[in-house]
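Proteins get letters first, then strands, A, B, ... in listed order; numbering begins at 1 in each. Only heavy atoms go into these numbers, but all of them, side chains included; no hydrogens, no water, no symmetry mates.
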Number of protein chains: 2
Amino acid sequence: MNIGEAASQSGLPPKTIRYYEGCGLLDAPARDENGYRRYSSADVHMLRFLQRARGLGFTMADCQELLDLYRDKRRSSADVQAVARRQLAEIDRKIAELRSMRHTLADLIERCHGDERPDCPIIDDLAGIAAPADAMEPRR
Amino acid sequence: MNIGEAASQSGLPPKTIRYYEGCGLLDAPARDENGYRRYSSADVHMLRFLQRARGLGFTMADCQELLDLYRDKRRSSADVQAVARRQLAEIDRKIAELRSMRHTLADLIERCHGDERPDCPIIDDLAGIAAPADAMEPRR
DNA sequence: GATGGGGCTTCCAGTTACTGGAATGTCAAG
DNA sequence: CTTGACATTCCAGTAACTGGAAGCCCCATC
């Protein structure tokens, strides 16, 4: 099958498939006489594997590692789990960072009256003028 | 003050300050006879403004908009709020995406025994072999 | 006066994971 | 025979920096 078919079966755009190949993430596939890449269903399995792994946020380096483990029939599941745990920790870090941003931002938005007046706690906070509400001393 | 001092007072590295200037986010500052950038405390205010805005995840384009609003004394707070709401929505989108990844990943990790055996639900899921537990039919 | 260690300048390149576009070649249908 | 959809390669751009090289500038010390 051609790259277009492999693309629609794997969910990866043709450009991305070529890109992964160029990066060495995938072996170069066989070519037809006209120079077109020819993909087997085993190739499509690899592509889908990558598509799912990337969908879970694994970096391309992680994907490389996971593909190597996938191909290694004598792998230990502990090695796979380690890669996944690393990724989980990374996701947790990002979620925590975003939640912290969200907390501050939501507070500022709530305190902004959002009308035609120029007076604005969002700008004030960014300018370092006012402290956010939850950083102020509680009343009594 | 020189760029190093402005950097430590604003929390932005010198490289980043020059980068922002090159992008047009900041006006080029005055220069001393030796060619060094000279920053005023007003300049440092701008830098800190940027540092905080970037810390809340605003893009550089958003920062530009916010700086413009900051400088516009006749702005309406509604305009500022609109930028912030956009950013909040973006953050929520990212959090949702990460949480979905986290959900799947945590489930896979939990189901992987993580020992020396090659058998691994993480690999199986990526390869499209097994369905995750929460996608399976509940028992009875 | 030479030297050494910062800090400052510029510019170029690399990062991540693609994506868009140009120029060109191939194939099947009408 | 032409049109349109596919395929190929290569170059460039994205976001927001960051690292490094090559070269001034300034101050202190020997």
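Between A:D125 and A:R111 there is no salt bridge, since no side-chain N of the basic residue sits under 4.0 Å from a carboxylate O of the acidic one.
Looking at A:S40 and A:D43, their side chains do bring a donor and an acceptor atom within 3.5 Å of each other. Side-chain N/O atoms of B:S76 and B:D79 include a donor and acceptor closer than 3.5 Å.
In this structure a side-chain-to-backbone donor-acceptor pair under 3.5 Å is missing from A:R99 to A:H103.
With rounding to whole Å, B:Q87 atom CD is found 14 Å from D:dA15 atom C1'. For A:R18 and D:dT9, the CZ to P distance is 7 Å, given to the nearest whole Å. Protein atom OH of A:Y39 is 10 Å distant from nucleotide atom P of D:dA7, rounded to whole Å.
Neither OP1 nor OP2 of D:dA7 sits under 4.0 Å from any side-chain N or O of A:R37.
Contact annotation: the side chain of A:R37 approaches that of A:R31 to within less than 4.5 Å [non-hydrogen atoms, C-beta and beyond].
Listed nucleotides: D:dT9, C:dT10, D:dA7. Nearest to the side chain of B:R31: C:dT10.
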**Asked** When every nucleotide of nucleotides 18-28 of chain C is labelled 5' to 3' by its protein contacts under 4.0 Å (heavy atoms), B for base, S for sugar-phosphate only, - for none, what sequence of letters results?
**Response** BSBB---BBS-
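A side chain to side chain contact (heavy atoms under 4.5 Å, CB included) with B:S77 is found for exactly one of A:P121, A:C120, A:P118, namely A:C120.
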